[in-house]
Trainee: 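Handing you this structure, nothing more for now.
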Amino acid sequence: MADPVAEKSGFLCMYMSNHPDTLVSYVRYWGKVTEHVVSAKMTAIDTKGMNLTYQTKAGATKEVRVSFDPPLSGYEEVKPRLMTMKADAEEELGMVPAPQITSFRFNKRMIHTAVLMAALIYTTYAPTPDSPSYSPFFAPANTLRTIIPPWTLQFSWSLVVVLHGLESLYTLYLCKKHRTGFIVGVQYWLATLALGFPVFTDMRRQVQDARIESIMKGK
């Protein structure tokens with residue numbers, strides 16, 4: 001089957017010739033070229049990657065292949081993927097500042113994790129029938145505890161503590177990088193400790209949205 005991106009390779013290469021700085025950033029960051037690159041040109045592109053030729057300060061002309069991970073599923077993915085790669089490359093190379101995050105954003109996926117955490121807490125700490133604080137509300141939890149292996153709850157809590165702890169450290173890194181400020185940073189950190197990956201993944205999505213918006217404004 002024909003490659004839908006390769007079929008438009010000529011047009012895309014011509015279009016990208018109007019964005020020389022972007023091509024240089026692709027070569028340096030995604031192509032992992034450490035030499036001083038003064039210019040670059042896209043010579044071919046397909047669903048699996050793009051070929052770039054570049055000229056060094058010493059006058060040498062070389063070529064590098066930049067792979068797409070994951071590969072593009074179709075032509076419609078070319079623009080958003082190239083924009084995302086441009087934003088990542090320019091930010092990591094220090095060509096543009098990292099977007100600033102100034103507010104905490106709630107997303108619906110946090111509710112799903114909150115429900116699971118509430119179920120774990122309910123099952124773990126529900127009073128037993130011989131406890132003075134027992135009520136029929138806790139009966140399902142006690143029934144569940146008699147069904148599952150004894151180690152299950154302890155293992156679940158160990159997994160939560162380790163994963164959420166590591167994820168919260170990564171969130172602190174993102175907060176510092178994107179200059180959230182103390183209040184917003186604490187909100188993201190505490191939310192990640194409690195709810196885990198839905199928090200920092202949405203933060204990364206918020207960063208990506210800000211990157212794309214910045215690129216569109218710069219057009």
Side-chain angles (χ1 to χ4, degrees), residues 1-33 37 39-54 63-113 167 170-171 173-180 184 188 191-192 196-219:
M1 190 169 71
D3 188 305
V5 177
E7 290 179 342
K8 302 287 183 66
S9 180
F11 166 75
L12 292 169
C13 290
M14 181 179 66
Y15 174 79
M16 290 304 298
S17 66
N18 297 318
H19 302 275
D21 291 342
T22 298
L23 295 175
V24 169
S25 71
Y26 289 159
V27 169
R28 292 179 57 199
Y29 183 69
W30 297 107
K32 296 179 172 57
V33 173
V37 179
S39 64
K41 179 181 179 181
M42 180 187 290
T43 56
I45 183 172
D46 53 54
T47 54
K48 295 181 179 180
M50 54 184 165
N51 295 339
L52 302 163
T53 59
Y54 62 95
E63 185 174 358
V64 65
R65 171 76 173 177
V66 174
S67 299
F68 295 138
D69 184 21
L72 304 174
S73 61
Y75 179 75
E76 68 281 355
E77 284 194 7
V78 173
K79 183 177 180 180
R81 181 67 67 85
L82 291 181
M83 290 178 67
T84 298
M85 292 176 68
K86 166 187 167 71
D88 289 342
E90 292 185 346
E91 184 178 315
E92 293 300 325
L93 292 170
M95 299 169 67
V96 296
Q100 184 176 13
I101 302 301
T102 58
S103 62
F104 178 84
R105 188 170 75 176
F106 180 82
N107 72 85
K108 292 181 179 179
R109 291 188 304 161
M110 296 180 190
I111 297 177
H112 302 155
T113 306
E167 289 163 349
Y170 179 64
T171 297
Y173 162 76
L174 291 178
C175 290
K176 181 179 179 180
K177 181 177 180 180
H178 298 287
R179 310 183 305 282
T180 60
V184 175
Y188 271 111
T192 305
F197 77 93
V199 180
F200 75 80
T201 53
D202 185 75
M203 185 181 185
R204 289 181 59 181
R205 191 173 294 109
Q206 189 176 358
V207 168
Q208 196 61 31
D209 291 344
R211 289 171 175 166
I212 300 301
E213 182 181 358
S214 175
I215 292 173
M216 297 301 292
K217 286 180 179 179
K219 281 192 168 185

Trainee: Check whether any side-chain N or O of His178 sits under 3.5 Å from a backbone N or O of Pro99 as a donor-acceptor pair, and report yes or no.
Mentor: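 It does hold such a pair.
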Trainee: For Asp46 versus Leu72, what's the shortest heavy-atom pair and its separation?
Mentor: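 Heavy atoms of Asp46 and Leu72 come nearest at O-CD1, 4.1 Å.
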Trainee: Which pairs count as ring pair (Phe, Tyr, Trp, His ring centres under 6.0 Å) when at least one residue sits in residues 64-97, sequence neighbours excluded?
Mentor: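 Listed by first then second residue: nothing to list.
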Trainee: Is there a side-chain contact between Met203 and Cys175 (heavy atoms, below 4.5 Å)?
Mentor: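 Yes - at least one pair of side-chain heavy atoms lies under 4.5 Å apart.
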Trainee: What pairs with Tyr54 under ring pair (Phe, Tyr, Trp, His ring centres under 6.0 Å), at least two apart in sequence or on another chain?
Mentor: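 Here no residue qualifies.
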Trainee: Step through it carefully: locate the ring centre of Tyr188, locate the ring centre of Phe200, and say whether they are under 6.0 Å apart.
Mentor: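 Not close enough - the centres of the two rings lie 6.0 Å or further apart.
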Trainee: Answer whether the closest heavy-atom distance between the side chains of Leu12 and Val78 falls below 4.5 Å.
Mentor: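 Leu12 vs Val78: side chains touch.
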Trainee: Is there a side-chain contact between Ile101 and Arg179, using heavy atoms and a 4.5 Å cut-off?
Mentor: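 They are not in side-chain contact.
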Trainee: Got a second to check how far Ser9's OG is from Met14's CE, nearest 0.5 Å?
Mentor: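 Ser9 atom OG to Met14 atom CE measures 11.5 Å (nearest 0.5 Å).
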Trainee: First locate atom CE of Met42, then atom NE2 of His19, and finally report the distance between them rounded to the nearest 0.5 Å.
Mentor: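 Rounded to the nearest 0.5 Å, the CE-NE2 separation comes out at 10.0 Å.
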Trainee: Just to verify, what does Thr180 make a side-chain hydrogen bond (donor to acceptor under 3.5 Å, both in side chains) with, not counting sequence neighbours?
Mentor: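 side-chain hydrogen bond (donor to acceptor under 3.5 Å, both in side chains) check on Thr180 returns nothing, list empty.
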Trainee: Compare every heavy atom of Val5 with every heavy atom of Asp3, then report the nearest pair and how far apart it is.
Mentor: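 Shortest heavy-atom separation between Asp3 and Val5 comes out as OD1-N, 2.9 Å.
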Trainee: Taking side chain to side chain donor-acceptor pair (under 3.5 Å) as the cut-off, I'd like each qualifying pair that reaches into residues 21-31, sequence neighbours left out, listed once.
Mentor: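 Qualifying pairs, neighbours excluded: Thr22-Lys86.
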Trainee: Could you report the tightest heavy-atom contact between Glu76 and Pro80, atom names first, then the distance?
Mentor: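 What the structure gives for the nearest pair is O-CD, 3.5 Å.
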Trainee: Which distance, rounded to the nearest 0.5 Å, do you find between the OH of Tyr170 and the OG1 of Thr201?
Mentor: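 The OH atom of Tyr170 sits 10.0 Å away from the OG1 atom of Thr201.
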Trainee: Using atom types as modelled and distance alone, determine if a side-chain donor or acceptor of Arg65 lies under 3.5 Å from a backbone N or O of Gly31.
Mentor: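 Pair absent, no side-chain N/O of Arg65 close to backbone of Gly31.
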Trainee: Quick check: does any side chain N or O of Ser67 sit under 3.5 Å from a backbone N or O of Gly49, one acting as donor and the other as acceptor?
Mentor: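 Side chain of Ser67 to backbone of Gly49, a donor-acceptor pair under 3.5 Å: no, none is there.
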Trainee: Asn51 side chain to Ala44 main-chain N or O, any donor-acceptor pair under 3.5 Å?
Mentor: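 No: the side chain of Asn51 does not pair with the backbone of Ala44.
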Trainee: With a 4.5 Å heavy-atom cut-off, do Met50 and Leu82 have their side chains touching?
Mentor: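 The answer is yes; the side chains approach within 4.5 Å.
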Trainee: Hey, is Arg204 close enough to Asp88 for a salt bridge, meaning N to O under 4.0 Å?
Mentor: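 No salt bridge links Arg204 with Asp88.
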Trainee: Tell me, do Thr102 and Val184 make a side-chain contact under 4.5 Å, heavy atoms counted?
Mentor: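 No, their side chains stay 4.5 Å or more apart.
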Trainee: Does any pair with a residue in residues 98-113 pass salt bridge (charged side-chain N to carboxylate O under 4.0 Å, His left out), and if so which ones, sequence neighbours excluded?
Mentor: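 Passing the test, one end in residues 98-113: Arg105-Asp202, Arg105-Asp209.
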Trainee: Quick one: are Glu63 and Leu52 in side-chain contact, heavy atoms under 4.5 Å?
Mentor: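 A side-chain contact is absent here, since even the closest heavy-atom pair is not under 4.5 Å.
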Trainee: Which heavy atom in Ala191 sits nearest to a heavy atom in Val199, and how many Å separate them?
Mentor: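 It is O-CG2, 3.5 Å.
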Trainee: Would you mind reporting whether Val66 and Met85 have side-chain heavy atoms less than 4.5 Å apart?
Mentor: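 They are in side-chain contact.
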Trainee: I'd like to check the side-chain hydrogen bond (donor to acceptor under 3.5 Å, both in side chains) partners of Lys177; sequence neighbours left out, ordered by chain and number.
Mentor: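 Checked Lys177 against side-chain hydrogen bond (donor to acceptor under 3.5 Å, both in side chains); matches are Glu91, Glu92.
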Trainee: Any side-chain to backbone donor/acceptor pair from Glu167 onto Phe197? Under 3.5 Å, distance only.
Mentor: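 Here the side-chain-to-backbone pair exists.
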